[in-house]
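Quick note: numbers below take in every heavy atom, side chains included, and nothing from hydrogens, waters or symmetry partners. Quick caveat: nothing in here was measured; it's all calculated off a predicted structure.
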Amino acid sequence: MTHNLNFKSPQLFSPVVFSSEFNSFKSINASQAWSLFFTGGREDRKLDSNPRISLLFTSVLLALGISGFARTLILRSFFPA
């Protein structure tokens, strides 16, 4: 079996964050940051259609951090070392 795949574009499988258009020290919004995170840096426009999804992911991440910190404080007060 032979594959005759000849991709001409070198940017087809390369990360977006290393392209010259993207890497000009511009600020990005939360939707672009979460898109880059979930796609492994391959695409920055996946979640731009709905900015509330990025707010949800950011809120969940903050809630996990705060609950982990609160859990440590609560367990330390009940079970002192």
Side-chain angles (χ1 to χ4, degrees):
M1 174 183 271
T2 61
H3 296 285
N4 295 328
L5 299 175
N6 189 8
F7 294 112
K8 301 281 185 201
S9 174
Q11 294 181 349
L12 185 62
F13 296 111
S14 64
V16 169
V17 293
F18 296 121
S19 67
S20 60
E21 303 90 40
F22 187 82
N23 195 7
S24 60
F25 298 104
K26 293 185 289 187
S27 61
I28 61 173
N29 59 18
S31 296
Q32 287 175 317
W34 281 112
S35 294
L36 288 169
F37 176 74
F38 286 129
T39 61
R42 303 255 184 233
E43 191 163 341
D44 64 336
R45 304 273 182 214
K46 278 285 193 202
L47 297 177
D48 269 349
S49 62
N50 193 356
R52 290 182 186 239
I53 292 177
S54 64
L55 180 64
L56 172 74
F57 291 139
T58 304
S59 300
V60 167
L61 188 66
L62 283 172
L64 286 172
I66 291 170
S67 65
F69 182 71
R71 178 180 172 222
T72 304
L73 289 177
I74 291 169
L75 287 177
R76 198 172 272 232
S77 66
F78 286 122
F79 303 109

Exercise. Can Phe79 be reached from Ile74 by stepping across I, L, V, M, F, W or Y side chains whose heavy atoms are under 4.5 Å apart?
Worked result: yes
Problem set entry | With sequence neighbours excluded, residues passing ring-ring contact (aromatic ring centres under 6.0 Å, His included) with Phe38 | Trp34, Phe57
Exercise. With sequence neighbours left out, what residues match Ser31 under side-chain hydrogen bond (donor to acceptor under 3.5 Å, both in side chains)?
Worked result: Ser54
Seminar exercise, completed: Separation between OG (Ser35) and CD (Glu43), nearest 0.5 Å, reads 7.5 Å
Exercise. If two hydrophobic side chains count as joined below 4.5 Å and joins carry through other members, does Leu55 share a cluster with Phe37?
Worked result: no
Exercise. Just how far is it from atom CZ of Arg71 to atom CD1 of Ile66, taken to the nearest 0.5 Å?
Worked result: 16.0 Å
Seminar exercise, completed: Heavy atoms of Thr39 and Lys46 approach each other most closely as CG2-CG, 3.9 Å
